[in-house]
Amino acid sequence: MSEVKQGYKGHSLELLDKYKVRVWGEVEVKTTRGDFKGILLPRSENDDENHIVLKLITGYNVGIAVDTVLNMNECGYKEAHYKIPEKEFPISANKPNIKLFGTGGTIASRLDYRTGAVIPAFSPGELYGAVPELADICNLKTEKLFAVFSENMGPQQYIELAKSIGKEIENDIDGIVIGHGTDTMHHTAAALAFMVQDSPVPIVMVGSQRSSDRPSSDAALNLIHATKAAAESDIAEIVVCMFGPTSDKYGLLHQATRVRKMHSSYRSTFRTIGDIPLAMIDRERITPLSDNYSKRRPDKKVTIKPYFEEKIALLYYYPNMQPDVVNSLIDSGYKGIVIAGTGLGHVNKAVYSSIERAQKEGVAIYMTVQTLWGYVHMFVYDTGRDLMAKGIVPLENMLPEVAYIKLGWALGQTSDLDKVKEIMLTPICSEITEREPYNGYLVFQGGVPEVENFLRTIHK
Ligand code: ASP
């Protein structure tokens, strides 16, 4: 077998040898596409031989094709030690017992020397080594359930997670934290809101937008906030805990069925939609913003409803959509479809025939709105009335992703479409609300100066 050095082989290894640069060296690279400066990272054993990878000063990694390189120069060298020192987590009798489930994602992850990839570090010792403040808050037990990026979370993982949460609650835990990738955290939050009902303790989902090897990482602070919320708050529901404003001033606790990732890279990416967040949190205190939540209880009872029908789809309507899109779902045996329609809940006339067919063939079909804020109103225009006549059921102000998850959960319990409709329209955890407060849309969204001023008036 040909030589492999820290993941580099073939053309990429020849390049490193030619310019005498080393992995972990600080290198300047001239290419046909511009100049780059950064740390030369090791590569995964499975990567190709045609690229090198630099960690830029911004913290981002960039892959550079070998055949674009004109010159390389090593101007510094400092071997990185990303191993987090293990320290024994101190246990104290008067602190709450918290369980942290790891599912993967960027949170509490570190750069793995062997593969050059970011991998999760989840033992209590590693977490304590990285974030010692956690020991001031609680006694922490950890368990890695999965190690996936959140695009790979799905019904099987939701069910396993819900069952694991049930067991912990019965075993007398005071609060639960779930480390999760941010990309689909709101889908998992919604799934847990339906699968784990009447929890007596807080269940706090947390992630990070920037991994812990980057200076601007939000991993540690989010973890501190989430652990504090699980240990001390009286919100016995599934919530998402992430940065509020773009700065690290405070975190927000968002209700599971009203939260959504709204920015691809900001740390303050999560927003409550259609309502206001439940609370603000910083290292010192938790400041409630709403009292619309289930309160902590001393009993250990919880109802786990681990059901999910996987043959369901979420269709994002676009102009000129054709009926074959819906028809192909029916042909493939899909049992339920949620549409995110335009405006008040509309699709074009071209799609009507396929909706009629879905209705005739017993496919459950529901409407939500792409605007995210506001309600489906299908009585206002002909389009809405026509669609309802063809069997589409409007879902009030349920968010499209939440409706998708709830439909999977409902169809997992029954194939009787009247019962499914009853489940869909009966709110379980604020997925449908009577009204959306105007201050939810205009304020309480973090980081806006007017909001900061307003918050100062209640947060003296
Ligand atoms: N792609 C990652 C995930 O969702 C991003 C993150 O962890 O925040 O798992």
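All ligand and atom numbering here is 1-based and tracks the order in the structure. In this text the structure is predicted, and so the values were computed from the model without any measurement.
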(request) Measure the shortest side-chain to side-chain distance between L223 and L127 over non-hydrogen atoms and say whether it is less than 4.5 angstrom. (result) yes
(request) Look at atom 8 (O) of ligand 1 and say which protein heavy atom is nearest, naming residue and atom and giving the distance to 0.1 Å. (result) T182 OG1, 2.5 Å
(message) Can you classify the ring geometry of F270 versus H186 as parallel (below 30°), tilted (30 to 60°) or perpendicular (above 60°)?
(response) perpendicular
(request) Taking only Lys NZ, Arg NE, NH1 and NH2, and the carboxylate oxygens of Asp or Glu, determine whether E431 and R258 approach each other closer than 4.0 Å. (result) no
(request) Below 4.0 angstrom from a heavy atom of G105, which ligand 1 atoms are there? Numbered from 1 as shown, please. (result) 7 (O), 9 (O)
(request) Determine, for K300 against D172, whether the closest basic-nitrogen to carboxylate-oxygen distance falls under 4.0 angstrom. (result) yes
(request) Quick one: look up the protein heavy atom nearest atom 1 (N) of ligand 1 and list residue, atom name and how far away it is. (result) D183 OD2, 2.9 Å
(message) How far is atom 4 (O) of ligand 1 from the closest protein heavy atom, and which atom is that?
(response) S150 OG, 2.6 Å
(request) May I ask you to establish whether K406 and Y404 are in a cation-pi arrangement, using a distance under 6.0 Å from NZ or CZ to the six-membered ring centre and at most 45° from the ring axis? (result) no
(message) With a cutoff of 4.0 Å, is E151 in contact with ligand 1, counting heavy atoms of the residue only?
(response) yes
(message) So is S208 touching ligand 1 or not, going by heavy atoms under 4.0 Å?
(response) yes
(request) Give the residue and atom name of whichever protein heavy atom lies nearest to atom 6 (C) of ligand 1, and the separation in Å to one decimal. (result) T106 OG1, 3.1 Å
(message) Quick check: do I281 and Y250 have side-chain heavy atoms less than 4.5 Å from each other?
(response) no
